[in-house]
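Chain identifiers are assigned alphabetically (A, B, ...) following the order of the sequence lines, protein sequences preceding nucleic acid strands; residue numbering begins at 1 within each chain. Please read these numbers as outputs of a predicted model, since none were measured by experiment.
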Amino acid sequence: MKIYSINHRLYGINVQKCSLCYLIFMARRITSSARSSKSAPGWLLLAVTWQPREGLQTLIYSAGSSESADRVFLLTACDCSPILAALHPSPERMSTRTLPLLFINLGGEMLYILDQRLRAQNIPADKAKKATVADWLEEDRKRVMNDIITTMFNKKFLEELFKPQELYSKKALRTVFDRLAHASIMRLNQASMDKLYDLMTMAFKYQVLLCPRPKDILLVSFNHMDAIRDFVKDTPSILSQVDETNKQLVEIYTPLSGGEFQLIRQTLLIFFQDMHIRVSIFLKDKVQNSNGRFVLPTSGPVPYGTHTPGLIRMFSCSGEEVRRMQFRDGGNYCGALREGSFEMYGDRVIKLGTNMYSVSRPVETHMSGTSKNSSQHTKVNTTPNPLAKEELNLLARLMGGLEVQKSANTDSGFRVNLFATDEEEEEALISRPDELSYDVINIQATKDKQTNAELAKIMGEFGEMGEPASSSSSKGDDLLAMMDGL
Amino acid sequence: MSKMYHKEKSIQLKSSASALYNNLSVLRIAPRCLTYFTVVHANVVNMVSASWDGLNYSHRQLQSKEGNVATSSSLIMQAAWCVLPSRDLLVLTSQKGIQMYESDGSIMVYWHALDTPETPTAKAVFARGIAAVREKYICVGVSSGSVLVFDVPSKGSNITLSEVLEEHKEAITDMASECSGNLECIADLVSADDSGLLCVWKSGEDFQLLNKIPGFDTSCSSVKLWKGTVIAGYGTGQIRLYEGVTGILLAEVNAHARWIYSLDIAPFTGLLISAAEDSWVRVWHLSLTPETNSVEIEHMYNECVTDTQICGARFCDGDGYAFAVTGYDLSEIIRYTQA
């Protein structure tokens, strides 16, 4: 891959090239008083890179360079129409080994939730070709799970994931999971996707917070991996991918010290800071308070390697114990359980990270507002974009996300609802508090044939691009306007 | 038994505290009847100045810095005041470097960049562990295990890096200087790292290593030095007391059920405060008998901050009359004073 640093204005795109690759570029907004026209705002291009697509399209995210990029953009194309998405520089970067654990654990929680919903949901029995409705349900559920797990453990993606790197921003990570959720015939509406992500993140936050020792985060990860292995145990090809990943986890993480794990844990806690979404199943089990904060018990077994509080020992210069005292610790602790296994297979002992959902325990969230000091990461860009066109939600269509035309793609899958009814789902979308919105995908494309030819020509000068794009795309685009709108 | 401390009115923060060791620093400014507090939230330091009458609070936020950029998204690992005879400086340590400010946070007087690799490496790079030593040194630890010694003039910004101490092999977690005020103490500084190793130093033109006290395979997250005694808090929840120069273990306390995040000493009375992820803050009393080289540690008080993993606990004065506590995800500083 080549990276170009170019300090002039970005005017054009190679649409044909975009259908084969992603164009990722970083830009800084120029605030100049002399803005010639509304459709040509100022952007200073900082760096550009092309990334090839692989199979199911792994999303490769470039973190911002040392020059302060305002935005990182991703450009792709579908049916020769460009699609632009904005990713944001990642603020959380402490431990560089945190991302794989974050991804695997969140992915695991997502699979638990989807599995439960797929079992619970009544799927309209209009698929006459199947033998029985029950067969169809079981087969399709397995297919969905297999498709998602295959995507999650895609070799190329995991290679990229396991490189030491800075954490994705919340938005970039959310985009990755959006794609993952739609890597099968299953469809989720915006509200359901939001809810799914809320549940995943709160569940993992809970697990990280309550881990007895920082190293136990690895046991939590193994619990997720064990469950994933169980989902695909009948499909050897996917199973071997999962086993490979498990091996990598063991290799990379078991040598780390307690202090290094604590750093990973602290990085994750910063990522989850200020999230207090109430989850019904947590409230019912009394592991979460009504203010959204988790219950931290002062009783139960101490972590492996820790003594129960209470004993004070004093020594002489020669090392002999001269005095022993007990103090009242105020809690109700007991001795540690045996240590869980860090091998490929074994009893993990810890229950965190195992599947807490079942068909009889539905998943709901209450949209409580966050505390008044909610982190700026959840800020939403609310400025309306006058250039947006209704049918141009192309990235979403590419990902098979939001329903744009109900008539199209009738055979391309069934919709899953994370709420009890369709009405509830709709209501949830409308009433979702602003500060909890995930402003991930925000696309528009506009027509501006005038600048199109010039755009394409200049873009052709970037090298490694073959012939400059013709203005063949009728849905031409003023790229600058697109960027400005994001 | 009547309660030793009772809860006071909390101080609200602009943003919540991050889960970092020793995430609270306190500076008492007696002539102005003010106390300053700092709490780290990701890449920002929240500074609050509180008047003693409880009527006036003012807030300031400081951001991490990197390169030529004024503000950065790099994470701050620790913020602490360094009290020197001639001046007080506020020191911030981050993934990119070390920032030093005038004590009210108004002006940055010094910036030291860490050597950060171009592409991220498996081992994280950051600075952590801050201590003011004797008249003119500020020592800062680094993730590689190095301890940077800065020479600080009595005023102005002509701060220089005078020495780099290379004894630790693991990331520095915390550092502390002798706080009893007793100039006869030989040991001036103790540094702790992720392996639990403690190094005891004597300051000077060249710092001298007095002793290396090995760890027991557990990170030491917080450390204090008082009257030549090293007080160390560990990830296993234990507190250990060592005689600094000789390294003799004097006492061992199974104090907490989870990782200790903060220790502090009230130098005039020998009160010790410990705080951990287990939600407990505990106050102890230390008495040293120099003749027999022994120590007595007595448990005095417990306070449970419900459903909170505590990340900072400090006495607000040299007697231990009042203390303050911060917790992960909490947007307030909780205060307690003696009843």
Could you check whether [Y] and [X], counting side-chain N and O atoms only, form a donor-acceptor pair closer than 3.5 Å?
{"X": "B:D194", "Y": "B:S219", "answer": "yes"}
{"X": "B:S64", "Y": "B:N43", "answer": "no"}
{"X": "A:Q273", "Y": "B:S16", "answer": "yes"}

With chain B as the partner, which of [options] has the greatest number of non-hydrogen pairs under 4.5 Å?
{"options": "A:G305, A:S257, A:P212, A:G319", "value": "A:P212"}
{"options": "A:L256, A:N289, A:I312", "value": "A:I312"}
{"options": "A:T308, A:L209, A:V302", "value": "A:L209"}
{"options": "A:G310, A:P303, A:G258, A:P214", "value": "A:P303"}
{"options": "A:H307, A:E321, A:M325", "value": "A:H307"}

Looking at B:F216, does the NZ or CZ of B:R240 lie under 6.0 angstrom from its six-membered ring centre and within 45 degrees of the ring axis?
yes

Most chain A-contacting option - heavy-atom pairs closer than 4.5 Å, from [options]:
{"options": "B:D307, B:I248, B:D193", "value": "B:D307"}
{"options": "B:Q238, B:E298, B:E170, B:R282", "value": "B:R282"}
{"options": "B:R258, B:E296, B:H256, B:E243", "value": "B:R258"}

Using non-hydrogen atoms and a 4.5 Å limit, figure out which bit of [X] sits close to chain A: side chain, backbone, both or neither.
{"X": "B:T308", "answer": "backbone"}
{"X": "B:S279", "answer": "side chain"}
{"X": "B:D278", "answer": "both"}
{"X": "B:A17", "answer": "backbone"}

Backbone N or O of [Y] within a donor-acceptor pair of the [X] side chain at under 3.5 Å?
{"X": "B:H299", "Y": "B:Y301", "result": "yes"}
{"X": "B:S262", "Y": "B:C311", "result": "no"}
{"X": "B:N302", "Y": "A:R328", "result": "yes"}

So for [X], is it side chain, backbone, both, or neither that comes closer than 4.5 Å to the heavy atoms of chain B?
{"X": "A:P297", "result": "neither"}
{"X": "A:R323", "result": "side chain"}
{"X": "A:K215", "result": "neither"}
{"X": "A:S316", "result": "backbone"}
{"X": "A:Y304", "result": "neither"}

A:D274 versus A:K205, closest heavy-atom pair with distance:
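Distance-wise, the nearest heavy atoms are N-NZ, 4.1 Å.
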
May I ask you to check whether A:F294 and A:F282 place their ring centres under 6.0 Å from each other?
yes

Between B:Y234 and B:W259, does the ring centroid distance fall short of 6.0 Å?
no

Test ring pair (Phe, Tyr, Trp, His ring centres under 6.0 Å) on A:F342 and A:Y253; report intermediate values, then the result.
CA-CA 10 Å; A:F342 287 91; A:Y253 290 97; over 10 Å; no

